[in-house]
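This one's a predicted model, so the numbers in the text were calculated from it and none came from an experiment. The analysis underlying the following values was restricted to heavy atoms, covering all of them including side chains, and did not include hydrogens, waters or symmetry mates.
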Amino acid sequence: MAYLCFDIGSSQLKAAILSEDGRLVSSAREPVSLRHGPGGQHESDPLTWVEAALSAGSHAVAEAKRTASRLEVRAVAVSGNGPTLLAADASGKPIGPALSWLDRRAIMEASEVSALAGKPIDPSFYLPKALWIWRSADEGTRSRIRRFFACPEYLLYALCGEALTCLPAPGYEPYIWNEAMVAALGLPADRFPPFAAPATIAGRLLPRVAEGLGLPEGAPVIVGFPDFLAAIVGSGSIAAGIACDRTGTSEALNLCADRPFPTRELLSLPHPIAGLWNLSGGVSTAGAALEWLVRTLGYASGEGSRQSAPGIAALHAEAELSSPGASGLAFLPYLSGERAPLWDASRRAAFVGLSELHGRPDLARAACESLAYGLRLSADLARGQDIPIRLVRVSGRAADDDFMCSLKADILDLPLEAPEISDCELTGDAIACATALGESSCMAEASGAFMKIRRRFEPGDFAPYAAGYAHFKAALEALEPVD
């Protein structure tokens, strides 16, 4: 028995077949679109998600059939980046591009939504984007809008024909939408699909989709998670004191805690496991900053193209030639503003302390260290409130990079574990499948059974990084007035 799992990232869609005990059977990746433009535009073409899913999914299924004596795919699940949002017509065709989670044009709309919610709602969240799309459309276009879809829910709709919105847990409504807020904003309530909980059956694979994937008809399609929650469950970060470092285009430390954070500095949301909280903060353009440096310094061929894994590997290799602290050079990795813990859309990136003595290894190391320093800002906030962190587990391709894992263990001063399946979102999807089908009694049980560790990194000496971290924080404060 096995599960077909999809995760939609900012630049790639990942598909994998996982066995019923959480082992990776096969996998495939396909690029998806992400366009950047003036005024904070970050847009995706939703149809590329569907095309990429059919391509990557069929390749993963075909590879599994070649390597397994018998393949029985029991269910399909989807996770994806959120809050990415699009409008669709009555037939499900997208009306214009999707607004990526990076898109922050809905600043005025976020102010209105925040007033209704009674708490700060970021411009990148769902309802401000829906309001921005609605108001920006002309009357003819507005009349065609029949549904607003988040990213993974649109792919789920394409797979099984059921329109829904994932509600990860009670308490998420203000960050997504609810009837009272939708009505107060003058938006039609029927444009917002009903809520469904993760690890529930949404529908069955459509016949044409099953044929395209190389699967029999009728496999159940399972409601997954927003990607960060899929990674939390998939990494086994389900007990207080365990944090998931979710890496990718963005990066965040997601700490499992027994209580919410007392201020807005860290985003406090209900954990997928009832009774716990997810406290998060990080670097919104973490992998994006490394990709920018790869292109700018020539680590990868193809000016203007997105970085390749070899390009990042070359950057890391050169970073190791510089000493801890990057010879006094600091990098601020905020290419497109920041959410928690800074909550400042005007933040921008900078190298600070640059001199003629610095070379490419120092620039590379400063960029790598900056991601760990950004995570430590959030970790220190939690520890300052006596909220313990005892272990970090890494999700994403960075989990396969021993240099970055060791660097983060040293700078965070915490043990760090790298899972066998680095894309923990896919493991989280498989956990949702096992739970929905009753093959595990609950998500916590499935998470404990599926999580397998590749390597553990013990923290070394933080002292060589103390000056660099102090320089990083001083640069943040000094540059705030000119960002």
Check your understanding: Do D45 and R35 meet the salt-bridge criterion of a basic N to acidic O distance under 4.0 Å?
Key -> no
Check your understanding: Quick check: does any side chain N or O of S44 sit under 3.5 Å from a backbone N or O of S33, one acting as donor and the other as acceptor?
Key -> yes
Review point. Which salt bridge (Lys or Arg N to Asp or Glu O under 4.0 Å) pairs, counting each pair once, include a residue from residues 367-385, with sequence neighbours left out?
Key: R365-E369, R376-D380, D380-R383
Point to revise | Those residues that, when tested against H316, pass side-chain hydrogen bond (donor to acceptor under 3.5 Å, both in side chains) (two or more places apart) | key: D401
Point to revise | D89: side-chain hydrogen bond (donor to acceptor under 3.5 Å, both in side chains) partners, not counting sequence neighbours | key: S91
Exercise for review: Would you please name every residue forming a side-chain hydrogen bond (donor to acceptor under 3.5 Å, both in side chains) with E109, sequence neighbours left out?
Suggested key: none
Check your understanding: In terms of side-chain heavy atoms, does T84 have a donor or acceptor partner in N81 at a distance below 3.5 Å?
Key -> yes
Check your understanding: Do NZ/NE/NH1/NH2 and the carboxylate oxygens of E153 and R147 come within less than 4.0 Å?
Key -> no
Contacts table for residues 240-247: side-chain donor-acceptor under 3.5 angstrom, sequence neighbours left out:
from : atom 1 : to   : atom 2 : distance (Å)
D245 : OD2    : K408 : NZ     : 2.9
R246 : NE     : E425 : OE2    : 2.9
R246 : NH2    : D227 : OD2    : 2.7
R246 : NH2    : E425 : OE2    : 3.3
T247 : OG1    : S395 : O      : 2.7

Practice item. Report yes if the side chains of Y465 and L407 come closer than 4.5 Å at any heavy-atom pair, otherwise no. Key: yes
Exercise for review: Would you please say whether a donor-acceptor pair under 3.5 Å links the side chains of S10 and W101?
Suggested key: yes
Review point. What pairs with T435 under side-chain hydrogen bond (donor to acceptor under 3.5 Å, both in side chains), at least two apart in sequence or on another chain?
Key: none
Exercise for review: State the OG-NZ distance between S124 and K129, to the nearest 0.5 angstrom.
Suggested key: 5.0 Å
Check your understanding: Where does the angle between the aromatic ring planes of W292 and F351 fall among parallel (under 30°), tilted (30 to 60°) and perpendicular (over 60°)?
Key -> tilted
Review point. Is E173 reaching over with its side chain to a backbone N or O of G171, donor-acceptor style, under 3.5 angstrom?
Key: yes
Practice item. Check whether any side-chain heavy atom of P270 lies under 4.5 Å from a side-chain heavy atom of Y172, and answer yes or no. Key: yes
